Structures are given as structure tokens and as C-alpha cells.
Amino acid sequence: MSNGNHQLHTLVVRVENKAGVLARVAGLFARRGFNIDSLAVAPVVDESFSRITIVVDVESAPLEQIVKQLHKLVNVLDIVELSPTEAVERELMVITVRSDAIDELKALTQEFHATWLDDRSGQAMISISSFPARVEEFEERLKPYGIVELQRSGKIALHRLPD
Amino acid sequence: MSTTGTKGSATYGGQALMNALEREGVEVVFGLPGGAILPVYDPLIDSSIRHILVRHEQGAGHMAEGYAHATGKPGVAMVTSGPAATNIVTPLCDAYLDSVPMVAITGQVPYAAIGTDAFQECDTTGITMSVTKHNFLVTEAADIPQVIHDAFHLATTGRPGPVLVDIPKDIVDPGNPHSALTDYVPTGHDLPGYTVLPDPDPEGIREAIQMILAAERPVIYAGGGILKARGADALRALAELTDIHVVTTLMCRGGFPDDHPLALGMPGMHGTYSAVTAMQEADLLIAIGARFDDRVTGKLEGFAPHAAVIHIDIDAAELNKVRHANVAIQADARLATEALIEGLTLAGAPESQADRSAWKSRVSGWLEKFPLTYDKHVAGEALKPQHVLETLRDNAPEDTIVCSGVGQHQMWASQFWRFNHPYTWINSGGLGTMGFSIPAAIGAKVGQPDRMVWAIDGDGCFQMTAQELVTATVENIPIKVAILNNSYLGMVRQWQEMFYDERYSEVFLSKNVPDYKMWAEAMGCFALRVDDPDEVEAAVQQANEIDDRPVVIDFRTDAAEKVFPMVPSGASNSEVMVHPSQAAGPA
């Protein structure tokens with residue numbers, strides 16, 4: 001996951017929704033030594049296509065080279081780079097923490113507009129859907145309470161609505 | 001599938017595959033049958049397609065490559081599943097690195113058995129994903145006509161390359177209901193993510209023309225893309241219009257005539273002094289269909305330090321990958337070269353070009369002072385491999401096709417042959433596949449049966465794929481093989497001598513085992529062994545007379561011979577080492 005020191009770019013890659021396409025994309029990154037920071041994939045409205053949101057670390061290779069190599073994959077239709085200023089970015093995190101200080105956790109959940117999912121047996125489960133830096137901050141704020149486990153979805157992004 | 005065309009008759013997958021190959025104009029398939037591909041070999045009997053039965057599937061792949069190199073048409077290899085598919089991985093990777101149009105068809109276990117570790121099952125599409133331009137696992141018989149049509153389109157357009165089609169047995173087997181389909185002729189392609197290239201960007205061409213006109217020390221750096229684009233005539237016209245010297249990479253030998261006054265020969269690690277040095281001193285490199293491979297550039301930081309770069313390549317990913325291009329043009333090499341010629345002519349070339357007389361006289365000085373050379377043989381001692389090559393060259397027709405393996409013999413062949421015609425030189429450049437020459441020569445001879453085809457091989461290489469000479473004999477494909485036999489893995493020996501203090505580790509093969517003459521005769525070839533320098537020419541002439549079976553000559557060569565010039569690995573091209581006899585006084 002991002003530690004903030006790397007230069008990250010968000011690529012939205014539209015691909016044919018066919019068996020093995022994700023392996024082609026992942027394999028390309030592996031064999032060319034490109035680093036993936038996060039990756040999210042799902043079909044779009046027309047189910048013959050999928051949309052992959054990849055956050056790439058351009059310390060490993062120039063963005064131009066990553067994009068051009070991706071374009072060579074026959075199943076890739078188009079690639080758009082989304083800068084944070086022109087995109088709405090969201091990430092989902094589900095997290096289980098020790099619930100010794102349950103009132104503080106509930107206050108924090110409210111502060112971050114997160115969702116209290118469950119609490120029992122000394123643990124609480126919370127979810128948050130927000131822009132990635134906010135998710136990151138929420139995770140940091142929960143750390144002192146003791147994180148049992150967590151899963152982040154990886155970033156997804158769409159163009160902002162036109163003015 | 002989105003495109004279907006004219007409906008044909010009810011048939012089964014195996015027959016539909018044969019029909020599809022015939023529609024693509026396939027005349028010959030190199031292959032070897034087995035369990036999963038059996039149902040395809042049955043309709044092959046009644047097909048117009050010639051099948052060459054190989055002795056090892058690697059041979060089928062390299063033959064398909066040799067055929068493609070020699071004809072410009074896609075080579076086709078067909079093998080069964082599992083070990084047959086893994087045996088063809090090396091040729092696929094070879095074709096991928098050298099951009100050779102090739103279609104490989106592999107059998108696969110029945111679709112329902114995939115993933116069960118069935119007999120002769122392997123994940124062929126998974127294994128070959130990174131060594132093909134694209135691959136397909138066909139899951140429905142009805143998809144076969146479309147996928148074959150798409151596979152040939154991918155293999156032959158844009159940057160050519162190998163495409164693999166993996167076909168489960170149940171959809172080709174007439175005994176299985178899954179194989180039933182109504183055959184059809186596809187009318188288009190179902191490749192929404194694949195676009196064929198636009199014409200060269202006029203703005204880039206305009207900028208390139210200005211740079212060419214202004215350059216005082218320009219060099220054309222011609223790569224394999226010239227040959228893939230059928231662009232040799234355009235390259236020659238560009239060079240002659242602008243009076244600019246041309247270097248031809250290992251993949252472009254024959255793309256510009258070696259006898260032309262503007263030819264500098266091969267650049268790179270074992271390139272000519274003139275080609276290497278002209279690039280180092282140039283103020284402009286016009287790179288056409290070349291990819292700044294490490295064997296050409298040497299140490300990148302020291303490569304052509306004064307040169308601006310015009311880079312023309314059909315693959316956008318090659319532009320700015322290794323070396324920054326001042327002008328980058330994604331285009332077919334021939335079309336871009338023709339656009340340059342047109343624009344330069346309109347811009348008043350050659351009269352409007354900068355004065356290059358000082359540069360031209362420097363280049364002439366290098367050519368005169370540092371020609372390729374070697375120590376002549378001494379009576380009673382082993383043959384000089386360069387002398388053998390010169391004798392082969394001087395006794396062969398102009399249009400002879402030369403195929404080589406990988407190593408010292410490859411470099412000497414590239415250096416000492418005079419390539420004056422495109423598609424006369426076939427070798428494994430990118431992957432460096434030992435054993436390439438014999439099967440590639442067979443494929444070339446199948447594609448060009450009226451031409452003389454010489455395979456130049458090393459003794460190490462010969463032992464990797466010699467079994468295909470059985471194929472050559474049985475299928476009546478009379479190639480000729482010259483083994484430059486120094487009993488060593490010669491190139492590795494050369495590196496150990498020069499860079500590992502003459503500590504020879506596992507490079508000596510054997511002085512007398514195998515007996516190549518007996519081995520070749522056992523495979524149905526005419527064979528000779530030559531130890532005496534005075535017998536070289538007579539042996540070559542005798543070999544050239546024989547056209548009813550393959551010929552093998554075992555030339556016993558001097559193991560101490562090294563390939564020069566040489567840029568040591570990791571060194572700058574400015575540190576090129578010439579032949580010791582020339583080393584005394586470089587300019």
C-alpha cells in the first residue's frame with residue numbers, strides 16, 4: 001500500500017471482459033518490473049467490457065512506457081490517466097479493531113462518516129468509503145486501538161462531472 | 001463473436017480449422033501429431049496444405065520462422081498439447097523477440113478436463129502469454145473460423161509476431177457433439193482493442209526533414225523493421241538521395257547492399273569499426289525499424305553521445321524506451337521512409353543539405369584503415385573460420401539464403417558474407433537461440449525451393465537440432481550445412497579467454513565425438529569432413545553441385561580464433577577493440 005513517498009498515478013484501463021485478461025495485465029506488470037500500488041476490476045454497464053483502475057508507481061518505470069506496453073495488450077481498448085484534480089476517487093475499507101474503548105471508536109466513526117457494522121467479543125467492525133487519503137487517515141487513527149485485520153479495496157475513480 | 005460472414009455447410013471443428021487455414025492462404029504447416037490434436041490431422045489428409053513432419057516440436061517452430069523470414073508470409077506450426085506445446089515455447093519467444101509473423105496451433109485436452117491435471121495437459125496459454133503477441137484458448141467450435149482469421153491478422157499486421165491458438169480436443173473431434181458448427185467465412189475481426197496503425201504523422205516527418213537537412217554527421221541506423229515492412233528499396237532511395245551512410249543491424253543484414261558505397265556494415269558489439277565509430281561520432285541518428293538493443297548500444301550512457309535521434313518504429317512502446325528520441329514517429333518503416341524521401345525532395349535535397357565533406361572523409365578514412373580482417377591460415381594448421389565463410393560466399397549464387405545458429409559462427413557469417421539482397425540472411429537475433437539454423441534453413445528452403453540455402457552452424461548448435469536433417473532428407477528439402485567445428489562453445493570460450501583469465505569452464509565439447517560425417521550420413525545426407533585449408537574450395541564446390549539431398553560439411557576450424565571487432569560487455573562503444581593486427585594505430 002502507498003506510503004506517500006512514491007509517485008503514484010491512476011490509470012483507468014478499459015478491457016474486454018474475457019477469461020485471462022486480468023492475468024495478462026498483471027503478468028505484463030510483473031515481467032516488465034512495473035509496480036502496482038493497487039488494482040480494482042469489475043465489469044461495466046456493457047458486460048462485454050471491464051474497467052480496471054490501477055494505481056501505478058512510476059518510480060519503477062516511466063508512465064509513458066507503462067501506458068504504451070498496456071496498449072499493446074490486444075484485449076485493452078483504452079487507457080486514461082486520471083489526475084486527482086479531475087477525478088472523484090473512492091476506496092472502501094472494512095476494518096476490525098479491538099473495542100476496549102468503544103465510545104471513542106464510535107465517536108471516531110461518526111467523525112469520519114464511517115459505518116459501524118458490528119461489535120462483539122471485544123472487537124468492533126467498521127467500514128469506510130471515502131477518498132484514499134481519508135481512508136488512510138482513518139486507518140492511522142484506529143491503529144492505537146489495535147487493528148485485528150483489515151481489507152482495503154484499492155482505489156476506484158471516475159471523471160468529475162463536467163462544469 | 002461479433003462478426004460472422006457467409007454461412008457454409010454443417011461441419012465439425014477439425015474440418016473448420018483446415019478450411020480456415022486454407023482461407024488464410026496457408027500452403028505449408030510444420031508439425032507433429034499427438035493425442036489432443038489427432039482430430040485435426042485427419043482432415044489434413046484431404047487438404048491442399050503440405051505438412052512437414054518434424055522430429056521435434058522445436059524444429060517445427062523454427063521452421064515456421066525460417067519460412068516466414070524467407071517468404072514474408074506467416075509461418076504455421078501445429079503440435080499437440082503438453083510437452084509438444086512446451087517444446088514450441090522457445091521458437092515462440094524467438095519469434096516474439098525478432099518480430100516474426102507466425103501462427104502456432106496447439107492441441108489441448110478436452111475443455112471439461114482443463115484444470116484437472118489431465119494426461120498431456122499444460123496451461124499453454126498461461127505459459128506462452130509472455131512470449132506471444134497474443135494467444136487464444138478457443139472454447140467453442142463455432143469460434144474457430146473467427147479466431148483463426150483474427151490470429152493471422154494479429155501475426156502479420158502492425159509489429160509482426162507469434163500468435164498461438166490453443167484448441168481443446170472435444171471441439172475438433174467429429175465424434176463429440178461439442179465439435180458441431182456451421183462453417184462460415186468471417187467478414188471482419190473481433191479485436192476491439194487492436195488498431196492498425198495510422199499513416200506517419202506529417203508533423204514528425206516535417207521535423208525529421210529539417211534535422212536531416214541540417215545534420216553535418218548523420219547516420220542511418222537501419223533495423224529489422226525495414227525488412228518486415230518490405231522497405232529495402234525505400235531505404236536505398238533515402239540513402240542515395242541524401243548521400244547518408246547506412247549501418248544495418250544484425251536483423252537488417254541484406255536490407256541495404258553491403259557492396260554499396262554508403263554501406264558501413266553491422267553496428268554493435270561485433271560490428272565493423274566504421275559502423276560503430278560513425279554512430280559514436282554522429283550528430284544525427286536516423287533510426288528506422290530499430291530498437292536500440294543493448295548489443296547495438298553498448299553502455300547506454302556512452303552511446304552516440306553527440307547525436308540527436310529521429311526514431312521511426314511501428315511499435316510506439318519502442319519510442320523513448322531506451323534512448324530519448326528528439327523526433328519520434330510511430331509508423332511503418334517503409335511508409336515513413338517514403339514520406340521522408342518525398343519531403344526531402346520537395347525541400348531541395350540533396351543540394352539544400354549541410355556541407356558534410358569533412359564527415360565523409362573521416363568515414364572514408366575509417367573504412368580504409370579498419371576493414372574486417374583476420375590472420376590467414378598457416379599450412380598444416382586448422383582452418384580459419386573466416387576463410388571458410390569467404391569461400392562459401394564466393395562460390396554461392398548472389399541470392400543464396402544464409403541461416404545461422406548463435407555464437408561466433410553467427411557473427412563471422414554476418415561480418416564476412418556480403419549481403420546484397422533483402423531476405424538472404426536469417427538468424428536468431430534477440431533471443432540468441434542456439435540450434436536455430438538447421439530448422440530455420442529447412443523452413444526457408446520450403447518457402448524458396450529454387451534458392452540455395454546454406455545453414456552456417458557451430459558444432460555446439462548442430463548438436464541441439466541436428467535431428468531435423470532427418471526431416472530434410474525424408475521430405476526432400478536439400479539444404480546445405482557448414483559446421484564451423486572448433487570443438488568448443490566458441491563464443492563462451494572467447495569470453496573466458498578475454499575476461500576470465502583464460503580459465504576455460506565447461507566449454508570444450510570433444511575433439512572427435514560425435515563423428516559429424518557419419519552422423520550426417522546416418523541421417524541421409526551427403527557429408528564431408530575438411531581439415532586442410534587447401535581442400536575447402538573443392539569441398540564447397542562439390543556441396544553446391546548436390547541438389548538431391550541435404551549436404552553437411554564438417555569444417556575443422558581453429559579454436560583460438562576470436563571475433564573482432566569487439567566491444568566488451570558493459571563498455572562504451574568508444575572502447576571498441578579492433579583486430580590485434582590493426583590495434584597499433586587507431587586514428
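Just so we're clear, the structure is a prediction, and the values are computed from it rather than from any experiment. Proteins get letters first, then strands, A, B, ... in listed order; numbering begins at 1 in each.
Between B:H134 atom NE2 and A:L73 atom CG the span is 9.0 Å, to the nearest 0.5 Å.
Using a 4.5 Å cut-off between heavy atoms, B:L137 makes no contact with chain A at all. Neither the backbone nor the side chain of B:D123 comes within contact range of chain A; no heavy atom of the residue lies under 4.5 Å from a heavy atom of that chain. For a residue to count as touching a neighbouring chain, one of its non-hydrogen atoms must lie under 4.5 Å from one of that chain's; by this rule A:V74 touches chain B with backbone and side chain alike.
Between chain B and the options A:H71, A:E64, A:R24, A:Q65, the largest number of non-hydrogen pairs under 4.5 Å is found for A:R24.
The 12-atom threshold is not exceeded at CD of A:E47, counting heavy atoms of other residues, nucleotides or ligands nearer than 6.0 Å. Other residues, nucleotides and ligands contribute over 12 non-hydrogen atoms within 6.0 Å of the CG atom of A:D46. Residue A:Y145 places its OH atom among more than 12 non-hydrogen atoms of other residues, nucleotides or ligands, all under 6.0 Å distant. In A:R90, the CZ atom is crowded: over 12 heavy atoms of neighbouring residues, nucleotides or ligands sit closer than 6.0 Å. When the shell of 6.0 Å around CD of A:E140 is examined, it contains more than 12 heavy atoms from other residues, nucleotides or ligands. Residue A:E111 qualifies as enclosed at atom CD: its count of foreign heavy atoms under 6.0 Å is above 12.
Across all their heavy atoms, B:M129 and A:G20 have their closest contact at CE-O, 4.3 Å.
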Could you walk me through whether B:K133 and A:K72 pass the side chain to side chain contact (heavy atoms under 4.5 Å, CB included) test, one step at a time? CA-CA 8 Å; B:K133 183 172 174 183; A:K72 284 169 69 173; over 6 Å; no
Candidate pair A:K68 and B:K321, rule side chain to side chain contact (heavy atoms under 4.5 Å, CB included), full reasoning: CA-CA 10 Å; A:K68 284 174 168 177; B:K321 183 182 86 174; over 6 Å; no
